[in-house]
Amino acid sequence: MDTNLPVTSQPRIVIVGCGFGGLRLAKELADAPVQVVVIDRNNYHNFQPLLYQVATGALEADNIAYPIRKIFAGQHNFFYRMADVQRIHPASNTVITNIGDIRYDHLVLATGSLTNFFGLESIERNAMQIKSIPNALNLRSFLFQNFEKALLKEDPAARQALMNVVVVGGGPTGVEICGSLAEMRKDVLPKDYPELDLKQMEIYLIEAGGEVLGPMSKESQQKAKKYLEDMNIHIRLNTSAKRFEDCKLYTSDTEFIRTENVIWAAGVNGADIPGLPEAVVARNKRVNVDHVNRVQGTTNIYAIGDLANMITEEMPRGYPMLAPVAIQQAEQLANNFKRFMRGEAMKPFHYVNKGSMAIVGRNRAVVDLPGDKHFGGFLGWLTWLFVHLMTLVGFRNKIVTFVDWATSYLSSDKALRLIIRPYKRSDFKDDKGKANAEHMNSTPQYNPTPPAIQEPVKTQA
Ligand SMILES: Cc1cc2nc3c(=O)[nH]c(=O)nc-3n(C[C@H](O)[C@H](O)[C@H](O)COP(=O)(O)OP(=O)(O)OC[C@H]3O[C@@H](n4cnc5c(N)ncnc54)[C@H](O)[C@@H]3O)c2cc1C
C-alpha cells in the first residue's frame with residue numbers, strides 16, 4: 001500500500017516532520033522537479049519557542065500552531081499525510097507508518113527532539129514537560145487545578161506545596177517559563193485567588209551548571225539572573241534534581257523542596273526513528289550526518305535540525321538545537337537537491353549565527369548579537385517581541401498574538417486560565433506529544449517484511 005500518493009515520474013522526496021526544518025525544506029522545493037511528501041503526526045506546525053506562553057495562559061494554542069495543509073495550499077508538488085512514522089526500511093527505500101508504507105527516492109528526517117529525563121524515572125513519571133501543544137495545555141490545566149485544590153487545604157504545608165513551582169533547567173525555556181510564572185504570581189493570581197496568600201507561592205529555578213542561559217554571553221547570563229532575582233525567583237545553581245516523589249523534589253544539595261509542580265526543561269534527545277544503522281545514532285539519539293546533512297553510510301537519507309548531529313571544526317559537539325539551525329539546514333538541503341537534479345555537486349552547510357535572545361518578563365529580555373554585542377532591558381524586550389512576531393507562521397497568528405500581547409501589556413493580565421481538560425499526574429508519562437497519532441486507531445505494528453515496492457525505485461548516483 002502506498003497511501004494513495006499519486007504515481008509520478010519525478011523523484012519523490014519524503015520529509016518526516018513539519019517543524020521548522022521540514023516546513024522550510026518543503027517550501028523551498030516548491031519550484032523543484034520533485035514530488036514532495038510531508039509526513040507529520042500532527043496536522044499543524046508548532047512554534048515551540050512560544051509554548052511556555054500557552055502553558056502560562058498568555059497565548060492561545062491556536063496562536064502558535066498553523067495547519068500544514070493551509071501553509072502549502074497552492075503548492076502543486078506538495079502532498080501531506082498525517083501519520084506516525086514508526087520505522088525506516090532503507091533496503092527497500094520505504095518508511096513504515098501507522099497508515100501504511102510510503103516509498104521514497106530521497107528521505108529527509110526532520111523529527112526534532114524529545115525530552116530527556118536522563119533516566120530519572122520518578123521525575124519522568126511525575127514532572128511536567130513542555131515540548132508540544134498538548135504538554136503546554138496540560139501544564140496550564142495542572143497549575144490552575146492545583147490552585148483550585150490549594151483553596152480547599154487547611155494544612156499550610158500542603159497548601160503551599162500545591163502553589164510552589166520548581167523549574168528544572170536554566171536554559172532559555174526554563175528562564176522564560178520562570179519569568180512568566182513570576183508575572184502570573186504578581187498580576188494574575190491575586191485577582192483570581194484573593195483567598196490565597198500568594199506570598200507563600202515560591203518559584204525555584206534549579207540548574208546543574210554554574211550559570212543560567214549557558215550558551216549565551218556572560219553579560220546576558222548575569223543580566224538574566226539579576227532580572228530573575230528581582231522577580232523573587234529562587235535560583236539554585238550547581239544543583240541537580242535527583243528524585244520527585246510524594247510532592248518532594250530531592251536535589252543534589254541533599255535538601256528537598258515541597259511542591260506538586262515540577263516542570264522539566266533540562267534536556268532533550270534527538271527523536272530518532274528505528275531502522276537506521278546503530279552506528280549512526282549518537283549517545284544523545286541525534287543522527288550523525290556529513291557536511292551536506294546526509295546520514296553517514298547512506299546514499300539517499302538525510303537528517304536536518306535538532307535530529308542532525310553534524311560535527312565540524314567550528315562545532316565539535318554538533319550544532320545547537322535551535323530553530324535557525326533547522327531552517328538554514330533546510331534551505332541548504334533544498335538548494336543541494338536542486339543542484340543534484342541538475343547533475344551538480346552538493347555544497348557543504350555553513351551556519352550563519354544571527355544572534356540569540358531570551359525574555360524574562362515585561363521590559364526584560366537579553367539579546368546577544370554576532371560581534372560580541374549585547375543588550376537587554378526594554379530594547380531587548382522589544383527586539384524579542386518583534387522577532388517572534390515576525391517568525392510566527394500565518395498572518396492571523398501574527399495579528400492575534402500582537403493583540404493578545406498588547407492587551408496583556410496594557411492590562412497586566414492574562415486572559416487564558418481555562419481548565420479545558422483536567423489533567424492528572426498518572427497521565428504524565430504517556431504524554432509524549434503524540435496526541436493526534438493516537439486518534440488513528442489503525443496503528444499496525446511494524447511488519448518486518450515490508451510489502452513489495454509497487455513503483456520503480458530510482459537510486460542516487
Ligand atoms: C519550549 C521550547 C522553547 C524553545 N525556544 C527556542 C527559541 O527561543 N529559539 C530557538 O531558536 N529555538 C527554540 N527552541 C528549539 C526549537 O524549537 C527547535 O530547535 C526546532 O523546533 C527544531 O526544528 P526541527 O525541524 O528539527 O524539529 P521540530 O520543530 O521539533 O519538528 C519536528 C516535527 O516532527 C514531527 N515528528 C516527530 N517524530 C515524528 C514521527 N515519528 N512521525 C511523524 N512525525 C513526527 C513532530 O510532530 C514535529 O512536527 C525551543 C524548543 C522548545 C521545546
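Positions are given from 1 along the sequence. When reading the values below, keep in mind they use all heavy atoms of this one structure, side chains included, and skip hydrogens, waters and symmetry mates. Note that ligands are numbered from 1 as they come in the structure, with each ligand's atoms numbered from 1 the same way.
- Residue Arg41 has at least one N or O atom closer than 3.5 Å to an N or O atom of ligand 1.
- Residue Thr56 holds its OG1 atom at 10.5 Å from CD of Glu176, rounded to the nearest 0.5 Å.
- Ring-plane geometry between Phe340 and His106 is classed as perpendicular, the angle between the planes exceeding 60 degrees on a 0 to 90 degree scale with a lower cut at 30.
- Summarising the local packing, CZ of Phe402 is surrounded by 12 or fewer heavy atoms from other residues, nucleotides or ligands at distances under 6.0 Å.
- Under the 4.5 Å side-chain criterion, counting only non-hydrogen atoms from C-beta, Phe375 is not in contact with Glu219.
- The number of heavy-atom neighbours closer than 6.0 Å to NZ of Lys398, taken from other residues, nucleotides and ligands shown, is above 12.
- Atom NZ of Lys186 has 12 or fewer heavy atoms from other residues, nucleotides or ligands within 6.0 Å.
- For ligand 1, none of its N or O atoms has an N or O atom of Gly305 under 3.5 Å away.
- Counting atoms of ligand 1 from 1 in the listed order, those under 4.0 Å from a heavy atom of Ala83 are 42 (N), 43 (C).
- When each atom of ligand 1 is checked for a heavy atom of Leu322 under 4.0 Å away, the hits are 10 (C), 11 (O), 12 (N), 19 (O).
- Within the 4.0 Å heavy-atom shell around ligand 1 one does not find Asn46.
- Close N/O approach between Lys131 and ligand 1 is not found [any backbone or side-chain N/O within under 3.5 Å].
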> What's the verdict on side chain to side chain contact (heavy atoms under 4.5 Å, CB included) for Lys338 and Asp31, showing C-alpha distance, side-chain angles and the deciding distance?
Replying inline: CA-CA 9 Å; Lys338 291 177 197 171; Asp31 59 351; 3.1 Å; yes
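- Taking all heavy atoms of Val54, Asn43, Asp40 into account, the minimum distance to atom 35 (C) of ligand 1 is reached by Asp40.
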> Between Asp62 and Arg396, does a salt bridge (Lys or Arg N to Asp or Glu O under 4.0 Å) hold up when you go through it step by step?
Replying inline: CA-CA 10 Å; Asp62 297 31; Arg396 177 209 164 268; 5.1 Å; no
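- Between Val16 and ligand 1, no pair of N/O atoms sits closer than 3.5 Å.
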>> Please determine whether side chain to side chain contact (heavy atoms under 4.5 Å, CB included) holds for the pair Leu107 and Thr298, giving the CA-CA distance in whole Å, both sets of side-chain angles, and the decisive distance to 0.1 Å.
In response: CA-CA 10 Å; Leu107 174 66; Thr298 70; over 6 Å; no
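- For ligand 1, the atoms lying closer than 4.0 Å to a non-hydrogen atom of Pro324 are 11 (O).
- Of the listed options Gly21, Gly112, Ala136, Gly112 places a heavy atom closest to atom 27 (O) of ligand 1.
- Near Ile130, meaning under 4.0 Å from one of its heavy atoms, ligand 1 places the atoms 1 (C), 53 (C).
- Between Val85 and ligand 1, at least one pair of N/O atoms sits closer than 3.5 Å.
- Rounded to the nearest 0.5 angstrom, Asn363 CG and Leu379 CG are separated by 11.0 Å.
- When the heavy atoms of Ala110, Gly17, Pro49, Ala55 are ranked by distance to atom 32 (C) of ligand 1, first place goes to Ala110.
- Of the heavy atoms in Ala271, none comes closer than 4.0 Å to ligand 1.
- Of the candidates Gln329, Gln129, Gln53, Gln48, it is Gln48 that places a heavy atom closest to atom 53 (C) of ligand 1.
- Taking every non-hydrogen atom of Asp84 and a distance limit under 4.0 Å, the qualifying atoms of ligand 1 come out as 40 (C), 41 (N), 42 (N).
- When Gln86, Met321, His388 are ranked by how near their heavy atoms come to atom 15 (C) of ligand 1, first place goes to Met321.
- Note on ring orientation: taking the six-membered ring where Trp is involved, the planes of His388 and Trp384 are parallel (angle under 30°, cut-offs 30° and 60°).
- In summary, the atoms of ligand 1 found under 4.0 Å from a heavy atom of Asn42, numbered by their order in the structure, are 47 (O).
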>> Using salt bridge (Lys or Arg N to Asp or Glu O under 4.0 Å), reason through Asp105 and Arg103 one step at a time and then give a plain yes or no.
In response: CA-CA 7 Å; Asp105 295 308; Arg103 184 198 59 76; 3.0 Å; yes
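- For the ligand labelled ligand 1, residue Pro172 lies outside the 4.0 Å heavy-atom shell.
- An N or O contact shorter than 3.5 Å links Asp306 to ligand 1 by distance.
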